Amino acid sequence: LNLYEQQSTFNPNMPLRELMYVGKLYDKYIHKHRLNIYGTKLISIPVPKLMVFYNGATDADDMMILRLSDAFPDTADGSESDIEVKVTMLNINHGHNRELMAACRPLSEYAWFIAEIRQNRKKLDIEAAVDKAIDDMPGDYLIRDFLIGHRAEVKDMCITEYNEAETMQMLKEEAHEEGRIEGLIEGSIKMIIELGREDGLD
């Protein structure tokens, strides 16, 4: 039972979120296979593997293990939880996890693409930054033809993400100035290689 999620903002609550996702998926699995969880025979269920791909602008280690137990408050009697969930977070920004990138060219190329957009944003607006990143992409990149063929969709996706992130940052700053409690801001970018599955990019 493999759960993969991509995050452009670090979210320490992923173990809790993944626990909720897994519970729903197991419920569907049990009903689909007509398993009896009330019987005396041990049923067999898929092993859960929980993974987050992180490509946010905030620096992070190549790999982090996020644990549900980190969210539990310390108890006076030192009692331990009977539940633990761990999520592996991999940093897929350009220059990180070199072994993984070497084993998956589309992912490595996607990381390069995002890094180029961020670099271009220092001098260009978001739309021009995306265009330049696509135009400057090496000719032998596997995702290049897909990006060129879906240029308008890719630009819309990046522009939407940028505008949402900018708006949320403004709201966060306003809330902070007014003394409100700051909430966690979550952003999400659909991975280009996921969009490219129909084009045969694996």
Side-chain angles (χ1 to χ4, degrees), residues 1-11 13-14 17-18 21 24-25 28 49-64 87-172 184-202:
L1 184 64
N2 300 313
L3 291 184
Y4 300 97
E5 185 159 344
Q6 185 273 331
Q7 294 284 320
S8 60
T9 302
F10 174 70
N11 188 333
N13 298 303
M14 288 310 301
R17 290 176 51 179
E18 298 290 78
Y21 295 157
K24 294 176 181 178
L25 289 174
K28 291 181 179 179
K49 299 299 292 184
L50 314 178
M51 188 81 64
V52 170
F53 296 104
Y54 170 76
N55 73 335
T58 303
D59 192 31
D61 294 336
D62 279 9
M63 183 179 76
M64 293 178 61
V87 176
T88 301
M89 188 182 85
L90 296 179
N91 189 340
I92 60 169
N93 278 301
H94 189 59
H96 288 269
N97 277 302
R98 297 182 183 277
E99 185 176 346
L100 171 63
M101 297 299 182
C104 183
R105 276 193 62 187
L107 183 60
S108 176
E109 294 168 3
Y110 168 73
W112 178 93
F113 177 62
I114 297 300
E116 283 295 299
I117 293 175
R118 288 176 177 156
Q119 182 65 29
N120 295 340
R121 275 292 299 136
K122 295 178 180 179
K123 297 181 179 180
L124 304 171
D125 62 45
I126 182 63
E127 186 171 358
V130 174
D131 269 328
K132 181 170 172 44
I134 294 176
D135 293 338
D136 291 347
M137 181 169 286
D140 62 342
Y141 271 30
L142 298 176
I143 67 172
R144 187 173 184 273
D145 288 343
F146 169 79
L147 292 177
I148 292 175
H150 296 78
R151 185 185 291 257
E153 298 169 54
V154 172
K155 285 167 63 175
D156 284 345
M157 179 191 69
C158 292
I159 291 170
T160 298
E161 169 64 19
Y162 175 78
N163 288 340
E164 287 180 353
E166 187 178 56
T167 300
M168 291 301 290
Q169 181 61 32
M170 287 170 46
L171 292 174
K172 181 180 178 181
L184 291 173
I185 297 177
E186 174 190 325
S188 158
I189 302 174
K190 291 184 178 180
M191 296 177 66
I192 299 298
I193 55 175
E194 288 293 330
L195 292 176
R197 281 182 174 174
E198 294 181 0
D199 289 50
L201 297 179
D202 295 319

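Please read all numbers here as calculations on a predicted model, not as lab measurements. The figures that follow rest on heavy atoms only: side chains count, while hydrogens, waters and symmetry mates do not.
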message: If I compare all heavy atoms of Arg144 with all of Gly139, which pair ends up nearest, and what's the gap?
response: CD-CA, 3.7 Å

Asn93 side-chain N/O to Ala57 backbone N/O, donor-acceptor pair under 3.5 Å: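 A pair under 3.5 Å: no.
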
Below 3.5 Å, can you tabulate the donor-acceptor pairs from side chains in residues 123-133 to any protein atom, sequence neighbours excluded?
{"unit_1": "Asp125", "atom_1": "OD1", "unit_2": "Glu127", "atom_2": "N", "d": "3.2"}
{"unit_1": "Asp125", "atom_1": "OD1", "unit_2": "Ala128", "atom_2": "N", "d": "2.8"}
{"unit_1": "Glu127", "atom_1": "OE2", "unit_2": "Lys155", "atom_2": "NZ", "d": "3.1"}
{"unit_1": "Asp131", "atom_1": "OD1", "unit_2": "Arg151", "atom_2": "NH1", "d": "2.8"}
{"unit_1": "Asp131", "atom_1": "OD2", "unit_2": "Lys155", "atom_2": "NZ", "d": "3.1"}
{"unit_1": "Lys132", "atom_1": "NZ", "unit_2": "Asp136", "atom_2": "OD2", "d": "2.7"}

- request: Go through the structure and list residues passing side-chain hydrogen bond (donor to acceptor under 3.5 Å, both in side chains) with Lys24, not counting sequence neighbours.
  value: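 Partners of Lys24 under the side-chain hydrogen bond (donor to acceptor under 3.5 Å, both in side chains) test: none.
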
task: Could you list the residues that satisfy side-chain hydrogen bond (donor to acceptor under 3.5 Å, both in side chains) with Arg105, not counting sequence neighbours?
output: Glu109

Taking side-chain contact (heavy atoms from CB on, under 4.5 Å) as the test, write out the residues that go with [X], two or more places apart.
X: His94; value: Ala111, Trp112, Ala115
X: Leu3; value: Glu18, Tyr21, Val22, Leu25, Leu50
X: Asn2; value: Tyr4, Lys49

Residue pair [X] / [Y], side-chain heavy-atom distance below 4.5 Å:
X: Asp59; Y: His96; answer: yes
X: Leu147; Y: Tyr141; answer: no
X: Asn91; Y: Asn97; answer: yes
X: Ile148; Y: Met137; answer: no
X: Met64; Y: Val87; answer: no
X: Glu5; Y: Met14; answer: yes

message: To the closest 0.5 Å, what do you measure between OH (Tyr54) and CG (Leu90)?
response: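 Nearest 0.5 Å value for the OH-CG distance: 13.0 Å.
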
